[in-house]
> 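Dumping the structure here so I can ask a few things about it.
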Amino acid sequence: VQLQASGGGLVQAGGSLRLSCAASGRTFSVYDMGWFRQAPGKEREFVAIISRSGGSTYYADSVKGRFTISMDNAKNTVSLQMSSLKPEDTAVYYCAAGRDYYTERPGDYNYWGQGTLVTVSS
């Protein structure tokens with residue numbers, strides 16, 4: 001499984017961005033898909049997850065109500081729509097695929113994309 005994240009960039013506080021994660025191989029029927037982020041000097045943290053069926057989503061409290069995760073099975077992509085962005089959302093965002101657990105724990109994910117940088121200016 002190969003994951004390719006894209007869509008990052010520079011945006012002003014209050015703005016929006018849409019991240020995409022393109023997956024190769026058999027993924028969405030087999031893996032739960034998550035988004036994580038890592039700010040400079042900080043540990044990687046969970047942002048959102050969507051179940052392999054697409055029927056369940058879960059968000060970190062810090063992004064709940066502002067971010068929306070979705071999947072497009074036909075295009076083999078998972079997206080993260082980010083709105084009302086804050087400077088504290090600045091980080092490298094990673095998509096990941098997890099086979100065994102519907103989880104927030106980065107260590108339980110099997111495959112990772114390369115990351116895309118989101119910078120939110122104040």
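As a basis for the values below, the full set of heavy atoms in this structure was taken, side chains included, without hydrogen atoms, waters or symmetry mates. Residue indices begin at 1 and follow the sequence shown.
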> Is there a donor-acceptor contact under 3.5 Å from the side chain of Ser24 to the main chain of Gln2?
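Looks like yes, one N/O pair under 3.5 Å.
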> Check which hydrophobic residues are tied to Tyr94 through side-chain heavy-atom contacts below 4.5 Å, counting indirect links as well, and list them.
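Its cluster partners, ordered by chain and number, are Phe36, Phe46, Ile49, Tyr58, Val92, Tyr102, Tyr109, Trp112, Leu117.
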> Quick check: does any side chain N or O of Ser20 sit under 3.5 Å from a backbone N or O of Ser79, one acting as donor and the other as acceptor?
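Such a contact is absent between Ser20 side chain and Ser79 backbone.
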> Taking the side chain as C-beta and beyond, is there a heavy-atom pair between Met82 and Asp89 under 4.5 Å?
no
> Could you list all the disulfide bond (SG atoms under 2.5 Å apart) pairs where at least one residue sits in residues 80-122, not counting sequence neighbours?
Cys21-Cys95
> Starting at OG of Ser51, measure out to CE of Met33 and round the result to the nearest 0.5 Å.
12.0 Å
> Does anything in residues 105-122 pair up under salt bridge (charged side-chain N to carboxylate O under 4.0 Å, His left out), and if so which pairs, sequence neighbours excluded?
Arg105-Asp108
> Of all residues at least two apart in sequence or in a different chain, which pass the salt bridge (charged side-chain N to carboxylate O under 4.0 Å, His left out) check with Lys42?
none
> Which pair of non-hydrogen atoms, one from Ser16 and one from Ser84, has the smallest distance, and what is that distance?
OG-N, 4.4 Å
> Excluding sequence neighbours, so at least two apart, what forms side chain to side chain donor-acceptor pair (under 3.5 Å) with Gln81?
Arg18
> Please examine the side chains of Leu85 and Leu17, heavy atoms only from C-beta on, and report whether any two atoms are closer than 4.5 Å.
yes
> Just jot down the side chain to side chain donor-acceptor pair (under 3.5 Å) partners of Glu45, sequence neighbours excluded, or say none.
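Only Arg37 meet the side chain to side chain donor-acceptor pair (under 3.5 Å) criterion with Glu45.
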> Which residues pass the side chain to side chain donor-acceptor pair (under 3.5 Å) test with Arg99, sequence neighbours left out?
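By the side chain to side chain donor-acceptor pair (under 3.5 Å) rule, Arg99 matches no residue at all.
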> Residues two or more places apart in sequence or in another chain: which of them pass ring pair (Phe, Tyr, Trp, His ring centres under 6.0 Å) with Tyr111?
Tyr31
> Among residues at least two apart in sequence or on other chains, which ones pass side chain to side chain donor-acceptor pair (under 3.5 Å) with Asp100?
none
> State, to 0.1 Å, how close Arg52 and Gly98 come at their nearest heavy-atom pair, and which atoms those are.
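Where Arg52 meets Gly98 most closely, the heavy atoms are NH2-O, 3.6 Å.
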> Do any pairs count as a disulfide bond (SG atoms under 2.5 Å apart) and have a residue in residues 53-91, sequence neighbours left out, and if so which ones?
none
